[in-house]
Student: 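My structure is below; once you've seen it, I'll send some questions.
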Amino acid sequence: MPRLRIVIIAAVLCAFAAVPIIASAFTQPHYLTVFGRVLIFAIGAVSLNLVLGHGGLVSFGHAAFMGIGAYAVGILNAYGIDDGWVQWPLGITAAGVAGLAIGSISVRLSGIYFIMITLAFAQLLYFLASGLTAFGGDDGMTLSSRSMFSSLIDLNNQVVIYYTIFAVLLLFLALQHRLVNSRLGLVIAGIRSNEVRMQALGYPTYRYKLIAFVISAMMCSVSGLLLANLTDFVTAQYLTWGRSGELLIMVLLGGMASTFGPVVGATALLLFEEVASAYTDHWQLFLGPLLLLVVIYAQDGIWGWLLAYEKRRPR
């Protein structure tokens, strides 16, 4: 791995790891919430990148799986079940079943048709969640307690939940790296390049795309599980098409088909939102030109631009 890439990855991860120390030193506990949210959306972006960047499947409904994870925590919590060993496997399994149901129809299509059908399914789940008046409906619901695992993992402690989120991100980065370099990942990359040729070689492309979609859905649900615990709140807004669009922007901004690009994209977008929104409520007006600059001058995203700079450096 090129030296500059290693240095940047190490620097970013060390900066994330140091957030609780910095927050304590400057007496700014809200830093843990801000950067915890960044890490959670980085997890969601990494999961989307598996099918978008590596598989070429532009899903406009991945927020639905984030919402399923969040509602698994919220609904069970409403019934007095706060055992994380029950909530989390159930949320991941539910997202996997939903991903299988949605993917079995969606991955048969491509291009704009795939985009529209994933959006349609996501909106269907959004309206379903909005209609759950027993669980807050549009107003959402506040958790009475966070997921309970053991005395060693106390998610009620902000530092503990932050490092739990950080550990999950590291795990997912390693998992994605392993997946994209496995037989599954290589076939998915081949399908993205030329699906007809892969079919001619005898690969069941539909099956491989469906497997990748389900894995991505299950990974994305974990971001919802973590988000519900971090904010102590669950709302149908987690499933909106706008949230799916944010995940897409994070992947595009950071760089598709790269392991670390989505993390860079999530960090850049959410920190830009945090800083810009402190000065104006119309911060999205400045986001548009920023995205245009990235599209024009860094078509491979911020991460791709950094790696291109490394290649241009004199040896």
Side-chain angles (χ1 to χ4, degrees), residues 43-69 91-125 171-224 239 241 243-252 254-262 265 300-301:
I43 291 170
V46 166
S47 69
L48 175 59
N49 188 48
L50 183 63
V51 293
L52 172 60
H54 298 287
L57 301 173
V58 185
S59 172
F60 216 142
H62 249 56
F65 307 119
M66 178 183 288
I68 289 173
I92 295 171
T93 302
V97 172
L100 181 62
I102 295 172
S104 62
I105 299 173
S106 303
V107 300
R108 296 179 185 275
L109 307 173
S110 60
I112 189 64
Y113 303 105
F114 179 83
I115 296 173
M116 294 305 296
I117 199 166
T118 52
L119 173 61
F121 276 115
Q123 286 300 99
L124 176 65
L125 292 175
L171 175 63
F172 276 24
L173 288 173
L175 178 61
Q176 181 187 222
H177 179 74
R178 183 69 180 269
L179 283 173
V180 299
N181 290 288
S182 67
R183 175 186 174 88
L184 171 65
L186 295 175
V187 173
I188 290 297
I191 294 172
R192 180 193 62 194
S193 299
N194 194 321
E195 184 171 359
V196 174
R197 179 175 295 176
M198 295 301 292
Q199 290 173 340
L201 291 173
Y203 289 99
T205 57
Y206 169 79
R207 185 188 308 167
Y208 277 98
K209 289 193 294 183
L210 182 58
I211 292 172
F213 192 85
V214 172
I215 292 174
S216 178
M218 296 173 73
M219 290 173 64
C220 195
S221 70
V222 178
S223 64
L239 295 87
W241 66 269
R243 187 56 52 85
S244 295
E246 287 179 359
L247 293 176
L248 276 169
I249 291 173
M250 290 172 190
V251 176
L252 294 172
M256 296 193 303
S258 62
T259 301
F260 205 68
D300 293 327

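Small disclaimer: the values here were computed from a predicted structure and weren't measured.
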Student: Apply side-chain contact (heavy atoms from CB on, under 4.5 Å) to Ser221 and list each qualifying residue two or more places apart in sequence or on a separate chain.
Tutor: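 Ile92, Ala95.
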Student: Restricting to pairs with a member in residues 191-217, which pass salt bridge (Lys or Arg N to Asp or Glu O under 4.0 Å), not counting sequence neighbours?
Tutor: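 Residue pairs with at least one partner in residues 191-217: Glu195-Lys209.
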Student: My understanding is that only residues two or more places apart in sequence, or in another chain, count here; which of them pass side-chain contact (heavy atoms from CB on, under 4.5 Å) with Ser106?
Tutor: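 So Ser106 forms a side-chain contact (heavy atoms from CB on, under 4.5 Å) with Ile102, Phe114, Ile117, Thr118, Phe121.
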Student: Using the side-chain contact (heavy atoms from CB on, under 4.5 Å) criterion, which residues pair with Val214? Sequence neighbours excluded.
Tutor: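 Once residues adjacent in sequence are excluded, the partners of Val214 under the side-chain contact (heavy atoms from CB on, under 4.5 Å) criterion are Leu100, Leu210, Met218.
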Student: Determine the minimum heavy-atom distance between Ala212 and Val51, stating which atoms define it.
Tutor: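 The answer is O-CG1, 3.6 Å.
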Student: Hey, could you give me the CG/CH2 distance between Leu119 and Trp241, rounded to the nearest 0.5 Å?
Tutor: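 One gets 8.5 Å once the value is rounded to the nearest 0.5 Å.
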Student: Is the shortest heavy-atom distance from the side chain of Ile188 to the side chain of Leu179 under 4.5 Å?
Tutor: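 No, their side chains stay 4.5 Å or more apart.
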Student: Would you list the pairs meeting ring-ring contact (aromatic ring centres under 6.0 Å, His included) in which at least one residue belongs to residues 194-222, sequence neighbours left out?
Tutor: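 Applying ring-ring contact (aromatic ring centres under 6.0 Å, His included) to every pair that reaches into residues 194-222, excluding sequence neighbours, yields His62-Phe213, Phe65-Phe213.
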Student: Does a side-chain heavy-atom distance below 4.5 Å link Pro262 with Met250?
Tutor: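 No. Closest side-chain heavy atoms not under 4.5 Å.
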Student: Pairs in or reaching into residues 99-121: which pass salt bridge (Lys or Arg N to Asp or Glu O under 4.0 Å), with residues at least two apart or in two chains?
Tutor: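 Every pair satisfying salt bridge (Lys or Arg N to Asp or Glu O under 4.0 Å) with a residue in residues 99-121: there are none.
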Student: Side-chain contact, heavy-atom cut-off 4.5 Å: Leu48 with Ser59?
Tutor: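 Yes; the side chains approach each other to less than 4.5 Å.
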Student: When rounded to the nearest 0.5 angstrom, what is the spacing between CE in Met219 and CD in Gln176?
Tutor: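 One finds 6.0 Å between CE of Met219 and CD of Gln176.
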Student: How close do Gln199 and Thr205 get, counting heavy atoms only, and between which atoms?
Tutor: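 What the structure gives for the nearest pair is NE2-OG1, 3.1 Å.
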Student: Between atom CG of Leu184 and atom CZ of Arg178, what is the distance when rounded to the nearest 0.5 Å?
Tutor: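 Here the interatomic distance stands at 12.5 Å.
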Student: State whether the side chain of Asn49 and the backbone N or O of Thr259 hold a donor-acceptor pair below 3.5 Å, judged by distance alone.
Tutor: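 Side chain of Asn49 to backbone of Thr259, a donor-acceptor pair under 3.5 Å: no, none is there.
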Student: Please report the shortest heavy-atom distance between Ser47 and Ser216, naming the atom on each side.
Tutor: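 Looks like O-OG, 2.5 Å.
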Student: Do Leu247 and Val251 touch side chain to side chain, with heavy atoms closer than 4.5 Å?
Tutor: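 No; the side chains remain at least 4.5 Å from each other.
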Student: Heavy-atom distance under 4.5 Å between the side chains of Leu50 and Val180, does that happen here?
Tutor: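 Yes. Closest side-chain heavy atoms under 4.5 Å.
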Student: Looking only at non-hydrogen atoms, find the nearest pair between Ile68 and Leu125 and report the distance.
Tutor: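 So the minimum-distance heavy-atom pair works out to CD1-CD1, 4.3 Å.
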Student: Atom CG of Leu186 and atom CG of Asn181: how far apart are they, to the nearest 0.5 Å?
Tutor: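 Here the rounded value is 6.5 Å.
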Student: Using modelled atom types only, decide if a donor and an acceptor are shared between the side chain of Asp300 and the backbone of Met256 within a distance under 3.5 Å.
Tutor: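 Not a single qualifying donor-acceptor pair exists.
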Student: Considering residues at least two apart in sequence or located in another chain, which fulfil the side-chain contact (heavy atoms from CB on, under 4.5 Å) criterion with Ile249?
Tutor: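 With neighbours one apart ignored, the set is Leu269, Leu291.
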Student: At what distance, to the nearest 0.5 angstrom, does CD1 of Ile115 lie from CG of Leu57?
Tutor: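 Ile115 CD1 to Leu57 CG: 10.0 Å, rounded to 0.5 Å.
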